[in-house]
Every structure is written in C-alpha cells, then in structure tokens.
Amino acid sequence: VAPAELTDYVNQHLLPYYATLRVVDMVEMQRWVMMSKMILLIDGSPVGLVLDAEHTPVRSITEPVNESVVWGPRDSFVESLRMNTALIRSHLGDPKLKSENYILGRRSNTLVTLMFVEDLAKPEVVQEVRRRLSRIDIDAILDANTLQELIQDQRYSLFPLMKRSERPDKVTADLLEGRFALIVDGSPQVLTAPSVFIEFVQSAEDYYLNPIIVTFLRLLRFVALFICTIVPGLYVAVTTFHQEMIPVPLIYSIAGTRESVPFPAFFEAFLLLVGFELLVEAGIRLPRAVGGAVNIVGALILGQAAVQAGIVSPILVIVIGLTAIANFAVSTTYQLSIMLRVPRLVYLITGSMLGLYGMAVTFLFFMIHMTSLRSFGVPYLEPLAPLRVRELNDTFYRVPVWRQRMRPGLVAEGDLKRNDSPPPHASVESTDQMPEKQRGSQ
Amino acid sequence: VESGKITERDLVYLMLTVLLPTVLFFLPRISLHDMGEDAWIVGQLAGIWGILVAWVVVALARRFPGMTLVEYLQAILGRPVGKLLGFLYVVWFMVFGTITLREAGLFLNITVMTETPIDVFMVTLLALAMYAVYTGLANWVRINSVVLGTLLLTLVLIIVLPFPYMDPRRLLPMGTCSTGSLITASLVGGAWRGESILASMFIPALTTTGKVSFKFLRNFIIAILIVGLLLSGVEAACTMVFGATFAGDLEFPIFSLAKMINLAQVFSRLEALAVVIWVLGTFIKLCAFFYCSIIGLAQVLGFKDFHFLIIPMGVLWLGISQNQSGNIVAFSNFISQSLAGQGILSFELVIPVLVYLIAVVLRRRKEAET
C-alpha cells in the first residue's frame, strides 16, 4: 500500500472523525501545532492529518439562561465547539447527521462546524451554505453573530434571518426539520437556518406541554405580539383621531387624566417608551448587585412621580406597562424581543401622524418587506404567505405529536414523513370491566 | 417578463380581494338608491356578468397557454392591431386603477380623516403599491392570504353584528322592480365584477404547467359568487337596519352599518377599523392594477424588464388620479352611470368575447386549409 493511500485509509476508516483536516505544508502544520493540535504523519506520505488532542479550558454545562423552560431538557451550549457538537450528537443519534469543519478567520483561525442531516436538508441549501462560507475572508470570527452577518440573505434587515439558540433540543429539532446548524467555536449559541418568522414565537416548551394548553399559550403569545408592537400606536391613534371608538365612560376618564398633561399623546407615549427602553438597557448593563436600585428608581420615582407631577397620564402608564410585559411574554428568543421595539416606534409615529390609516400603511409596509425576505431561499412568512394550510398545524395552534406527520415541505427534502405511528388508542379493556380475579392465597 | 410564480389558489384569492373593496363600499349605495327593497336581488344577479368574464378569461387562456392578455391579442389580431388594442388595455388598467386610488382617497377623506388632504392618502398608498410591485409578483400576492382573511372576517362581522337593529319586515315589498330595471342595475354591478378580466394577466405566472384547469374556472366562479353573496348580505342588512329609502341616501351604507355595532358596550363604533381593513383590500387591488398596467406596457413595447417602468408609471398614475372627478358626488355619478356601461360593454366582456370568436374562426380556417 502506498503511504498516501494509507493516510486516506486511516482518515476514512480508523479515525473517529467524519472530515479530518489535512495539512500539506510546514507553515500550516506549524499553525496547527501552535493551536495545540496533534499531527499524524505517516512515513512517506505527503499529507498529515490534524487530530484534536488539546485540552482547552471549558465552562461546564449549565441551565439555559435566556431560553429557560419549566419542563424539558435543561442543558445548554457552552463556548467549546466539541462540547456543543457532542451535545447535539447525544440528542440525535442518526448516522446521517453529518458535520463539516471549516477554519474561518485569517487571524483567529476559528473552527466552525456545519451540521445537517444528509437525507433531510436540501442539497442546494447545503451547497449554498458552503459557497457562502467559502467567500468569507475576515481576520477574526469572534461570535456566531459575526458569521450570521456575513452569510445571511439580506444585507440590511431588521428581522432575524437565522435563529440563534442556546438549547441543544431546539437545534436538534431544527436539524430534524431539514435545517442546518452552524456552530462557532467560542460562541455559546448555535445558528440554525433556513428560519421563518413563526419560529421566533415558538418556544421549546411548546413541545413539552399538552397541545391544548400550548394552543392557548400560542394564542396568548400572538396577542402579546399584537400588544407589544401595535398598542402604543393604537392608543395614540385612537385618542387623537378616532375618539368615537372609545366607550363613553372610558373617554371621560381618559380626558380627565389627560387634562393636566401638557403634552400631546404622542410625546407622552414617546417619553414613556424611551424611559422603558432605558430601564431595560440599564438593567442589562448594571452589575447585578445594584440592579434592584434601578427597578426602584424606575418604578417608584419615575413612574409614580411622573404621573403625580402631571407629565404623563396614568392610563398611558398602564398602556406602556402592558406593552413592556407583552414584549417579554412574546419573546421565546431575545432576537425577537430586541427587534420588536423598532416596529413599535414606527407604529407609534405613523399612528400619531395618520391615525389608524397610518398604522394600516405601516402594517402593509412590514408585510411587503417580510414576504420579500428569504432565509436561504425559504420565504420568511411560510407557512402563512405562501399559505400552506397543512403546515399550519404548528403555528397558531399545535396539534398532538401523532398528527404532526410531515416535515415542512419548503425546508426539508427527501424523507418528508416524520411520523407514521398510529394515533394512540386503548386496546385494553377498562380495568373495572374485567372479571375480578380471586385473591390468591399466599 | 415575469419570473415570479403564484399558485392557482393565490390567484383565486387575489381575484376575490380585487373584486371585494369597490363592490362592497360603492355598489350598495347605487343599487339601494336605484332598486330600493330589491337591491339585494341585484347584488347576486350581477355575478352573471362576472361569471361570463371569468369564462372568457379561462377559454382564452386555455387557447393560448403561457401568454398574457396583451400577448395573445397580438397573436390573434396581428402585430399593429394587437399592439394597439393591448395598449388600450394598458390605458384601461390605468383608468380603473387610478379610479381605485381616487376612490380610496375620497373614502378615507370623507369618512375618517376629514382634515387631511386627499393627496396624502393617494401618495402613501401609491408609494406602497410601487414598493410592493418592485419586490416581485410572488411576494406581494402572498400578503393577500393574510389580508383576505381579515377582510372577510370583518365583512361578516359587519353584516351580522348590527342584528339588534334589524327588522326583516323592512325588506317588504319584495320584487316590485321590473325585469328591465333589474338587468340595467345588474350591469352597473357587473362592471365591477368584470374586473375579473385582470386574471388574464396573471395566468401565465401560475405554477401549473400547461393549460389552466377547469378546477380553476370553478373556483374562480365560486369567488365571484362569494362576492355577490357578501354584497347581497350587506344590502339586505342595510335595508333591514335603515330601511331602503334611507339606506339609499347614505353615502356609504356599509360604513353606516359598521357604526351601528355595539358589542357588550366594549366594541362600539368600529367604523374606523372597518375602513382600515378596507384600505388593506384596496391596496391589494391597487397593486393588481398597477402590476397589470406595468407588465402590459412592458409587453406591448417588448421590454424584457419592467422594473424601470415603476417610477414613471407611478408618477403618471398620481397625475391621472388627481384629475379624476373632484368630489364624491361627481365620482359616484361617474362610476355608476358612465363607467359601468363602458367597462362591461367594452374591455371587460365584449372585446374579449369578440377576440375569442376571432381566434376560434381563425383556427377553423387554418384547419380547413390544411
């Protein structure tokens, strides 16, 4: 056997890795050794194989911080790539789950792993990811977001076009729907795509609870989505332009509380929204020990005193408070909750300028923008637009697992049927109908 | 010219949204005014004209698969005549489209925002339609599945919710109108159902390969019947709530109907909301006409791309619609008296039928020669 072939044989059959990196020149080899890798050289062969031998310091696996659930798995990704791939593998034992390694970043030499299930992911999509990854020429990739901004479909878009998650179960579910995952060494979140908008309001817990309850939760979440984007604008639009829509007793009390307020409703709402955003920002940045102080200042001093001083009306404080709560109720992922503040502000401005008509125009604008978005070729509003009725079973409502038979057809390919188990039914007679056996003498 | 693809269902839904706004907001007044208690009968009767148009559209599309109206006009009538007629169709799309734009502006101006200049509405809606058409057919048509759902739901609610004020006896006397006046009145309604001719510009963009199916025709006809049903519902509800005489004098009967809603003291006076939903529908309609006029023009002039036409066409549209009839009375008279006959008697039904007959005769002659 020729030495080069021997290297290939060792690579393909004896090593526990799917695609091991190979080196052919000394400079590259030097780089690897500096990254504490092991190089396997076979006498006579011009190629060396790079093997993982390092022991890098790793944080231990903790509970997910940002995507916490009441029930369900509680492991979350850490900064080490190998640990993360191992977590995914432990959830998904399919031999068809393939991973490909890439070294990206001229200076950082960050290891990036692309994972997908071979007979579920669309080959064109995987090819497209490879192509987009190969075009990257940057000095360092420090986080998954760097990668996302370099490879997502849209140059500028408000909407998250790739999902970031710290939960292995979520990533596994995405892989099983034919999506691919990108794991960046050093980033405790994993990117998955193609993603659609509806995914960002689906929580991992939705699959660990009774489907009927989940349907209620989903509806609640869509109500929250409506409240946190539209309601501040709606309040301003209705009180400035369409007072007749408010029931008479309510309009008296609104007018009464607004009597002492010197500003127009728009300015009032704007003031409070900015105050709320400041509170959120301060809450994130502050050292944990003084976090409580911000809450007290925010709630008592600003909220209470602003009303008493007659700068804002109490009803508006309720409206903005509701918006704030809804904002975090809707966000199963931080990507959505942080993004929703922009549409909220736009709705507020257009609602105060052109009333409900302005808000309708804004709604249409966002709809056109969202339907024109693609995430690795998949329409962003699928399955709503384009309407795919059969795939609506996991959107506004969730059907029981035994009825979720198909994978999303615009994302997955090949083995589309995910579930062939019969609906559960009892074949045993009710125990009170069984003949009672004589209690044996023991 | 068009690379985006839509499904047959998308197109049927699109046609439903195209037909609904004008039919529901302008027709009830006209037919209640002219027909009194029998208005709701006309509502459904006018659908016949729409069905005829739908049939011609499908018949022509099956004869010339892969071609839009403007393209097969040239194939049937030869280049000079076909191009001229195609260009006239483009003008006709522009006329109906700008009327839609004007109608939206007037309606918003009269009902909810009386102090805002009408140009604000027309410019914003048109700019939005231009942006939508720019993003591509496959994208803006899909918004419709969301819009249509809300539109239908609101309409049904508006028809049903004022039930405490309804008195069925106000529908009497029934059937006092002569057959002649029924047919005349149905022509007015028919013109707005005849907007179905627009479908002929979209059929080549369907995902189904080859000829359009008869299933499509069936669904198309069902869509037209649903429009008629909703119109009849609105007219009947208006008559039952206000009485035919008073309803005929209302500027926008459906708007007044929405005003009557008072659900549990919480949801009352929902007319502003109704207007907003209606704006969503009108926007889709506007997009459809804008798209047809642009793609029609591109095909008449033989351009490969149509995106550069969007801005000039938008400016033109704004100019035309600003010069449409100045106030709502003139506008209402215009669309009920002049435009109705013009629409159904020319571009919507008569010309397509003639073109179809010519195509059939030419085919026969060709077959006889060979």
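- The 12-atom threshold is not exceeded at CZ of R390(A), counting heavy atoms of other residues, nucleotides or ligands nearer than 6.0 Å.
- The side-chain heavy atoms of L280(B) and F363(A), taken from C-beta on, include a pair separated by under 4.5 Å.
- The choice from V275(B), D10(B), L125(B) that makes the most heavy-atom pairs within less than 4.5 Å of chain A is L125(B).
- Under 3.5 Å, the side chains of Y134(B) and S372(A) contain no donor-acceptor pair of N or O atoms.
- A 6.0 Å sphere centred on OH of Y397(A) holds more than 12 heavy atoms belonging to other residues, nucleotides or ligands.
- Counting non-hydrogen atoms of neighbouring residues, nucleotides and ligands closer than 6.0 angstrom, the CZ atom of F308(B) exceeds 12 such neighbours.
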From CA spacing to verdict: side-chain contact (heavy atoms from CB on, under 4.5 Å), V112(B), L356(A)
CA-CA 9 Å; V112(B) 279; L356(A) 285 178; over 6 Å; no

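- The distance from the OG1 atom of T7(B) to the CZ atom of R388(A) is 10.0 Å, given to the nearest 0.5 Å.
- In F202(B), the CZ atom is crowded: over 12 heavy atoms of neighbouring residues, nucleotides or ligands sit closer than 6.0 Å.
- A donor-acceptor contact shorter than 3.5 Å links the side chain of Y357(A) to the backbone of F121(B).
- Closest approach of T116(B) and L354(A) over heavy atoms only: CG2-CD2, 4.1 Å.
- More than 12 heavy atoms of other residues, nucleotides or ligands lie within 6.0 Å of CE in M339(A), so this atom counts as buried by the packing criterion.
- By the 6.0 Å contact criterion, CZ on F270(A) is open, its count of non-hydrogen atoms from other residues, nucleotides or ligands being 12 or less.
- For the set I143(B), I6(B), V141(B), the entry with the most heavy-atom pairs within less than 4.5 Å of chain A is I143(B).
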Determine whether Y131(B) and H369(A) satisfy the following criterion, side-chain contact (heavy atoms from CB on, under 4.5 Å), listing intermediate values before the conclusion.
CA-CA 9 Å; Y131(B) 173 50; H369(A) 177 63; 3.6 Å; yes

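- In this structure, L381(A) and R142(B) have side chains that are not in contact, with every pair of non-hydrogen atoms separated by 4.5 Å or more.
- For I222(B), the CD1 atom sits in a packed shell: over 12 heavy atoms of surrounding residues, nucleotides or ligands are nearer than 6.0 Å.
- Looking only at side-chain heavy atoms (C-beta outward), I368(A) and F283(B) come within less than 4.5 Å of each other.
- L392(A) CG: more than 12 foreign heavy atoms inside a 6.0 Å radius.
- Side-chain contact between T371(A) and W140(B) is absent, with no heavy atoms from C-beta onward closer than 4.5 Å.
- With T124(B) contributing its side chain and G358(A) its backbone, the two residues share no donor-acceptor pair below 3.5 Å.
- Going from atom CE of M367(A) over to atom CG of N144(B) covers 10.0 Å, rounded to the nearest 0.5 Å.
- Considering only heavy atoms from C-beta on, V389(A) comes within 4.5 Å of R9(B) through its side chain.
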